[in-house]
Every structure is written in structure tokens, then in C-alpha cells.
Amino acid sequence: MSNLILASASPRRQALLSQLGTPFTVLPADIDERHDDGEVPRDYVMRMSRTKAEHVAQQYPDAWVLGADTIVTIDGRILGKPKDAADAAAMLSSLSGQVHDVMTGLALVQHDQGYMALETVSTRIYFHTLSDADISTYIAAKKPFDKAGAYAIQDQEGVLVDRYEGCYTNVVGLPLQRTAAMLRCAGLNLGGA
Ligand SMILES: Cc1cn([C@H]2C[C@H](O)[C@@H](COP(=O)(O)OP(=O)(O)OP(=O)(O)O)O2)c(=O)[nH]c1=O
């Protein structure tokens with residue numbers, strides 16, 4: 001067991017964290033991801049990332065545990081992963097021609113030392129205007145059911161996202177520069193990063 005644990009089932013987060021060069025173990029945290037009524041997006045992603053990290057840290061109190069949660073937010077609403085194709089179509093049509101933010105919460109926890117660091121990172125996304133046919137073609141081809149907001153910036157060949165401002169890796173699920181800074185602050189060595 002490595003001293004650093006990524007509390008995530010996301011293959012994208014695992015691939016991104018590997019780029020920092022520090023060894024880690026993956027242990028997904030199966031938690032309830034429903035949001036509370038009236039909970040603002042920033043509070044929600046912080047609560048989710050903290051809950052994922054703490055869930056694993058309780059079992060491994062001497063390990064450093066990193067949890068993350070990514071959502072799409074538009075007009076104060078939270079879009080998580082779509083339930084089905086109809087939900088995905090409704091999400092993509094609400095994003096069509098609009099500007100939204102992708103927000104990731106990050107939590108680094110170490111129980112034995114009582115350590116907890118929380119961060120949020122936001123990236124602004126400008127979407128193209130999409131027709132109903134664009135939306136159904138995208139959903140049928142890409143099946144984006146495991147993605148917040150029903151799309152993946154890394155898997156859309158420019159048909160959805162016109163441009164973005166801010167951190168790209170944040171949209172894919174793990175803002176790398178901020179994650180590296182958090183790990184460094186906690187005294188964790190990063191191999192060459
Ligand atoms: C908007 C967007 C989201 N996503 C992904 C990132 C996250 O993996 C996912 C949001 O779901 P999350 O609940 O943040 O993460 P997860 O369920 O994949 O993994 P875990 O909870 O175990 O850590 O959407 C993309 O890959 N590309 C994108 O463009």
C-alpha cells in the first residue's frame with residue numbers, strides 16, 4: 001500500500017495523477033452523491049471530495065488520501081452524471097449555445113495527523129449551439145453517462161466546446177497544477193513534477 005491513496009474509480013483521474021510521478025494506490029469510495037436542496041455548487045463539490053477522501057481515510061488512518069469531485073454548473077444549478085439518454089439530452093440542450101463552469105473539489109486528508117486541505121478549481125466553458133440531431137448523435141456515439149454534464153471535453157472532436165478559459169485537466173476531473181501544489185504543501189514528494 002502506497003502512502004498516497006486516490007479515492008476514485010475514475011480512470012481519467014488515475015491517468016492524470018500518474019503524470020505527477022508520485023506512487024499511489026487507487027481505492028474507490030462508494031458514497032451517496034446526491035446534492036442537498038439549496039446547496040451551492042462550490043459547497044457541494046467540497047463536501048463530495050471531502051466525503052470521498054474521508055471514507056477511505058477512515059480505513060487507512062496513516063495514509064494520505066486524495067478525493068475529487070467534478071460537476072458542471074450553469075446558472076447556479078448543478079449537473080452531475082446523467083441518469084439515462086433522455087437526461088443526457090436535457091443536459092446538453094441546456095448547455096447548447098451557453099457559457100457554463102466545470103468545477104472540481106479536491107480534498108487531501110490524513111487522519112492520524114488530523115490533516116485536511118480543501119480546494120475548488122473552476123474552468124469556464126463556451127458551448128457551440130447544438131441541434132437536436134447533434135445532441136442525439138453525440139449521445140449515441142459517445143455514451144457520456146459517466147461524465148458530469150453528459151459530455152467529455154477530451155472526447156468531443158470540437159463539436160460541443162467552442163473554447164474554454166482556465167485549467168483543462170480540471171475539466172477532465174483532476175486539476176493537475178493545483179493537485180501538485182496541494183501534495184507539495186503536505187510534504188509529499190513528487191517525482192520530477
Ligand atoms: C465535464 C467533464 C467531466 N468529465 C468526468 C470527470 C469525472 O470523472 C466525471 C464526474 O464524475 P465524478 O463523480 O466527479 O467522478 P467519478 O464518478 O468519475 O469518479 P469518483 O467519484 O470515483 O472519483 O466526469 C470528463 O471526463 N470530461 C468532461 O469534459
Side-chain angles (χ1 to χ4, degrees), residues 4-19 24-35 39 41-57 59 65-74 77-83 87-96 98-109 118-128 130 135 138-139 141-176 178-179 182:
L4 175 64
I5 301 176
L6 175 65
S8 174
S10 165
R12 299 164 291 272
R13 289 202 175 106
Q14 199 176 325
L16 285 166
L17 187 59
S18 303
Q19 291 181 27
F24 64 94
T25 307
V26 175
L27 276 181
D30 191 17
I31 60 149
D32 181 354
E33 296 200 26
R34 271 173 302 187
H35 50 88
E39 189 173 29
R42 192 165 182 273
D43 290 348
Y44 172 74
V45 289
M46 284 207 287
R47 182 169 67 83
M48 282 301 107
S49 56
R50 195 187 67 224
T51 307
K52 289 175 188 179
E54 281 187 331
H55 186 86
V56 172
Q59 302 159 55
V65 185
L66 180 68
D69 194 76
T70 301
I71 56 159
V72 163
T73 171
I74 181 163
R77 285 185 303 127
I78 294 170
L79 305 186
K81 292 177 219 150
K83 290 191 286 291
D87 196 23
M91 286 186 183
L92 290 175
S93 107
S94 75
L95 300 177
S96 169
Q98 305 293 317
V99 181
H100 67 266
D101 294 306
V102 174
M103 196 179 283
T104 298
L106 288 174
L108 184 64
V109 169
L118 297 174
E119 297 255 6
T120 55
V121 178
S122 230
T123 304
R124 182 139 288 192
I125 310 281
Y126 297 78
F127 244 47
H128 288 297
L130 308 172
I135 290 173
Y138 180 78
I139 294 169
K142 306 295 183 187
K143 302 197 168 41
F145 302 115
D146 62 341
K147 313 286 184 337
Y151 76 93
I153 196 168
Q154 69 275 26
D155 191 19
Q156 49 100 32
E157 289 114 32
V159 289
L160 306 179
V161 175
D162 179 18
R163 64 197 168 91
Y164 67 92
E165 288 164 4
C167 174
Y168 177 84
T169 53
N170 176 50
V171 187
V172 186
L174 194 71
L176 268 193
R178 198 67 73 85
T179 303
M182 261 178 131

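All ligand and atom numbering here is 1-based and tracks the order in the structure.
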*Asks:* Under 4.5 Å between any side-chain heavy atoms of I78 and M103, yes or no?
*Replies:* no
*Asks:* With the side chain counted from C-beta on, respond yes when K147 and Q154 share a heavy-atom pair under 4.5 Å apart, and no when they do not.
*Replies:* yes
*Asks:* Kindly indicate whether the side chain of P41, heavy atoms from C-beta on, has any atom under 4.5 Å from the side chain of D101.
*Replies:* no
*Asks:* Return the closest protein heavy atom for atom 2 (C) of ligand 1 as residue, atom name and distance.
*Replies:* V171 O, 3.2 Å
*Asks:* Around atom 26 (O) of ligand 1, find the nearest protein heavy atom and jot down its residue, atom name and distance.
*Replies:* Q154 NE2, 2.8 Å
*Asks:* So do the side chains of V159 and H128 get within less than 4.5 Å of each other, counting heavy atoms only?
*Replies:* no
*Asks:* Which protein heavy atom lies closest to atom 29 (O) of ligand 1, and at what distance to 0.1 Å?
*Replies:* I153 N, 2.7 Å
*Asks:* Do the charged groups of D146 and R12 touch, with an N to O distance under 4.0 Å?
*Replies:* yes
*Asks:* Side chains of K52 and E33: does their closest heavy-atom pair fall under 4.5 Å?
*Replies:* yes
*Asks:* Tell me the protein heavy atom at minimum distance from atom 1 (C) of ligand 1, and give that distance in Å.
*Replies:* A148 O, 3.4 Å
*Asks:* With the side chain counted from C-beta on, respond yes when V102 and Y164 share a heavy-atom pair under 4.5 Å apart, and no when they do not.
*Replies:* no
*Asks:* Tell me, which protein residue and heavy-atom name are nearest atom 6 (C) of ligand 1, and how many Å apart are they?
*Replies:* V172 O, 3.4 Å
*Asks:* Specify side chain, backbone, both or neither for R12, according to which of its non-hydrogen atoms lie closer than 4.0 Å to ligand 1.
*Replies:* side chain
*Asks:* Do M48 and I71 make a side-chain contact, defined as non-hydrogen atoms from C-beta onward lying under 4.5 Å apart?
*Replies:* no
*Asks:* Which of the numbered atoms in ligand 1 are below 4.0 angstrom from a heavy atom of A9?
*Replies:* 20 (P), 22 (O), 23 (O)
*Asks:* Tell me: protein heavy atom nearest atom 9 (C) of ligand 1, and distance?
*Replies:* D146 O, 3.6 Å
*Asks:* I need the nearest protein heavy-atom contact for atom 17 (O) of ligand 1: residue, atom name and distance, please.
*Replies:* K81 NZ, 2.4 Å
*Asks:* With a 4.0 Å cut-off on heavy atoms, is K52 touching ligand 1?
*Replies:* yes
*Asks:* Is it the side chain (CB and beyond), the backbone, both or neither of R13 that lies under 4.0 Å from ligand 1, heavy atoms counted?
*Replies:* side chain
*Asks:* Would you mind listing which atoms of ligand 1 come within a distance below 4.0 Å of any non-hydrogen atom of T70?
*Replies:* 10 (C), 14 (O)
*Asks:* Is it true that E54 and R47 have a side-chain N and a carboxylate O under 4.0 angstrom from each other?
*Replies:* no
*Asks:* Which atoms of ligand 1 are found less than 4.0 Å from any heavy atom of A152?
*Replies:* 27 (N), 28 (C), 29 (O)
*Asks:* Would you mind running through ligand 1 and noting each atom that sits below 4.0 Å from a heavy atom of E33?
*Replies:* 13 (O), 21 (O)
